[in-house]
Amino acid sequence: MKYNRGNKLVLWRRTENECCFCKFLFEVAVVMSIGYACLSVGVPGTDFKSCVMKNAGEERLRDVIAQNLSALENLIEYNIRNHIYLFRISSDIIPFGSSPVNSLAWWDLFEPSLTRIGARIHAAGMRVSMHPGQYTILNSPTQEVVARAVEDLRYHTRFLGALHTGPENKIILHIGGIYGNKDEAVQRFIDEYQKLDDDIKLRLVLENDERSYHICDVLDIARQIGAPAVFDNLHHAIHPCSVDLPDSDWIHACAGTWKDQDGRQKIHYSQQSPDKRRGAHTDSIRIDEFLSFYQNIHGGNIDIMLEVKDKNLSAVKCINCTTGAARMAYLELDWSRYKYLILEKAPGVYHQIRELLKDRDSYPAVEFYHLVEFALKEEAAKGNQINAALHVWGYFKKFASENEKKLCMRHLQKLETQKDDSAGFKRFLLRLAQKYDQKYLLDSLYFYL
DNA sequence: TGACGTCAAGATCCG
DNA sequence: CGGATCTTGACGTCA
């Protein structure tokens, strides 16, 4: 259960099957988890549904909740398969979960599935969290707003409780608005916090935001009420406090607010998108930038929640580039998902990566993701679109019907003669992959990015 | 009063 | 009718 790679002792993560000795090792080992929020990219069977208020009847709500719990279960299984042990559950998992619009006793109705999902989370050693949106505000001067916020926190607490997760599975909250007087607004937050049910307080952690409450404010409040503080690096970059310290120092300062019962310290990590508004997240985590951040905080026994558009893809990338359990199979698995996309965008890089992964005794994770990042920035030229599409078509050649062959030819001709992109062709190929149940293809990012 | 952010539902348009 | 594209919804604060 432990082995040596180079001169570095590597500890396996705890699983259901491991012995007591290893569980002991797990307890004392420094383990950092990296995770992602709410949704996944390119994982079949994990789509979430919602409904608008006027359609939120009992039957519709049941349907949506059943579908969402099934999606959550599939997501958890995907996370386990991909060694992702930190995950934020979407607040929208139960539509109108804190509103009188939804009067279903969903925690009873769906008890078997909630219990089953919770057991999988627990057995895998996964940590989950929830994060009510920017509209859940405890310090509003408007009583009704506060009352709804309290209801919303009750809902989040109830959901994590229905999964039978412990208090280290957190609910992350911002402080709220200023309303023209910050001191009074902070005091209102503290007063309202004190009134909360104990099971909510056990889970609540406070996060710095990008406009009103910087990390000094949050640390100050967190210490007063005895709640843990989550440091968000991008919010901090946009809205820093007057004391100028490196991120690692703020993270260290936050560490003191985390008690044993809270589990490992958590932080949020994201990067500024170069061409969007301030605070907008990148499409994918730029690995070099992440690794230099990571090196500065390494050894801190910290969980890192990534906030990024490509979600699980960046989580896998960052995990593969930092894991102690380095295995070529992890890179090969990720390569199998990127390969046709990269073949389409940059065939030269496609061949470079194939060469790179040939040496099975190496673990060139960072080089691999450098090449992936480079390739994904490229625009697919028409000839390469055709080439990649034909590669994918190759999976169906043998059993495709005459009509499907005809349709394929038509898509090919259309792609050759028009300026049109390959979206229609890809949809056609995805439908074939579904029809002929080509599992390998169904996981390909070629269809989803 | 609209921007802010976020995602899918809902609405509408097109062939 | 199916697919593609545009608009709406649900939330609270602040300019």
Taking [atom1] from [X] and [atom2] from [N], how many angstroms apart are they, rounded to a whole number?
X        : N      : atom1 : atom2 : result
A/Asp283 : B/dT6  : CG    : P     : 12 Å
A/Arg211 : C/dT13 : CZ    : P     : 11 Å
A/Gln67  : B/dA9  : CD    : C1'   : 13 Å
A/Phe428 : C/dA4  : CZ    : P     : 14 Å
A/Tyr135 : C/dC11 : OH    : P     : 10 Å
A/Phe96  : C/dA10 : CZ    : C1'   : 7 Å
A/Tyr36  : B/dT6  : OH    : P     : 18 Å
A/Lys49  : B/dA8  : NZ    : C1'   : 11 Å

Considering heavy-atom distances to DNA chain B, does A/Leu39 or A/Arg60 have its closest nucleotide positioned more toward the 5' end?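 Closer to the 5' end of DNA chain B: A/Leu39.
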Does [X] place a side-chain N or O at less than 4.0 Å from the phosphate oxygens OP1/OP2 of [N]?
X        : N      : result
A/Ser140 : C/dT13 : yes
A/Arg148 : C/dG12 : yes
A/Tyr179 : C/dT13 : yes
A/Asn55  : B/dG10 : yes

Row check, A/Phe428 ring normal vs A/Arg410 NZ/CZ: under 6.0 Å, within 45°: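 Judged by the rule, A/Arg410 and A/Phe428 form no cation-pi pair.
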Under 3.5 Å, is there a donor-acceptor pair between the A/Asp92 and A/Ser50 side chains?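 Short answer, no.
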Please determine, by modelled atom types, if A/Tyr85 and A/Asp303 share a side-chain donor-acceptor pair under 3.5 angstrom.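 Absent: no donor and acceptor within the cut-off.
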Output, in order, the C-alpha distance, side-chain angles, deciding distance and verdict of ring pair (Phe, Tyr, Trp, His ring centres under 6.0 Å) for A/His236 and A/Phe231. CA-CA 8 Å; A/His236 177 69; A/Phe231 176 77; 5.1 Å; yes
Touch class at under 4.0 angstrom, heavy-atom based, for A/Lys54 against every strand present: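 The residue A/Lys54 makes sugar-phosphate contact but no base contact.
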Which is true for A/Gly133 with a 4.0 Å heavy-atom rule: it touches a base, it touches only sugar-phosphate, or it touches nothing?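 Counting heavy atoms under 4.0 Å across all strands, no contact is made by A/Gly133.
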Are A/Tyr213 and A/His174 close enough that their ring centres sit under 6.0 Å apart?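 No.
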Assuming nearest nucleotide by heavy-atom distance, tell me which of A/Ser212 and A/Val52 is located more 5' along DNA chain C.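 Nearest nucleotide further toward 5': that of A/Val52.
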Nearest listed nucleotide, side chain of A/Arg431, among B/dT6, C/dG3, C/dC14: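 Shortest atom-to-atom distance from the side chain points to C/dG3.
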